[in-house]
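Below: one structure, written as C-alpha cells.
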Amino acid sequence: MSDTIRKDAAQEWRQLCQAACFEVDAVKLVERIAEARSAILDRVEDNFSKPINSEQYALRKALATLSTLHELAERDICDQKRIA
C-alpha cells in the first residue's frame, strides 16, 4: 500500500471521529459513531501485523472515546423518548 493511501486512511478515521465528537443530534451521533468505529477497525486491521506505534495507540483511545459517546447518545435518546 502506498504512503499516500495510508495517510488518507489515517486522516479519514480522525475526521470521522471529530465529526462524531461535534455532533449534537443524538440519533445522528450514533450513526457517526458507527462510521468512525468502522473506519478505525479497518485501520486496525491494516496495521495488525505491524509493531505498536503512536497511531495504534490513538486508534485505541479513539475507540474508547467513541464507546463513551455512544453510551451518552443512547441515554439521551432514551430520555428524549420518555419526554415525548
Side-chain angles (χ1 to χ4, degrees):
M1 190 182 313
S2 74
D3 286 342
T4 303
I5 293 172
R6 284 188 205 133
K7 287 178 185 174
D8 289 345
Q11 190 173 17
E12 178 187 13
W13 73 260
R14 284 185 168 95
Q15 289 173 342
L16 291 169
C17 283
Q18 286 178 343
C21 287
F22 291 109
E23 182 59 62
V24 294
D25 181 281
V27 174
K28 289 180 183 176
L29 174 58
V30 171
E31 294 170 7
R32 289 191 184 273
I33 289 169
E35 291 171 356
R37 230 176 153 272
S38 179
I40 289 169
L41 293 174
D42 287 347
R43 191 69 178 149
V44 167
E45 284 182 10
D46 290 346
N47 291 324
F48 187 72
S49 63
K50 297 178 185 174
I52 292 177
N53 61 28
S54 62
E55 184 185 12
Q56 291 170 343
Y57 177 74
L59 288 165
R60 288 187 185 112
K61 283 186 71 171
L63 282 174
T65 300
L66 290 173
S67 179
T68 301
L69 274 175
H70 189 267
E71 288 175 23
L72 294 172
E74 289 293 330
R75 286 184 201 163
D76 192 30
I77 291 169
C78 288
D79 288 346
Q80 288 175 5
K81 287 180 181 177
R82 269 189 264 150
I83 293 170

So, does T65 use its side chain to make a donor-acceptor pair with the main chain of K61 at under 3.5 Å? yes
Would you call L66 and I40 a side-chain contact if the rule is heavy atoms closer than 4.5 Å? yes
Can L63 and R60 be said to form a side chain to side chain contact (heavy atoms under 4.5 Å, CB included), step by step? CA-CA 5 Å; L63 282 174; R60 288 187 185 112; 5.8 Å; no
Shortest non-hydrogen contact from L69 to L29? O-CD2, 4.1 Å
What pair of heavy atoms forms the shortest contact from C17 to A36, and how long is it? N-CB, 3.9 Å
I would like to know whether L16 and R32 meet side chain to side chain contact (heavy atoms under 4.5 Å, CB included); could you show each step before the answer? CA-CA 7 Å; L16 291 169; R32 289 191 184 273; over 6 Å; no
Would you check if the side chain of Q56 reaches a backbone N or O of N53 as a donor-acceptor pair within less than 3.5 Å? yes
Candidate list E55, Q18, E35, test side-chain hydrogen bond (donor to acceptor under 3.5 Å, both in side chains), partner W13, passing option: E55
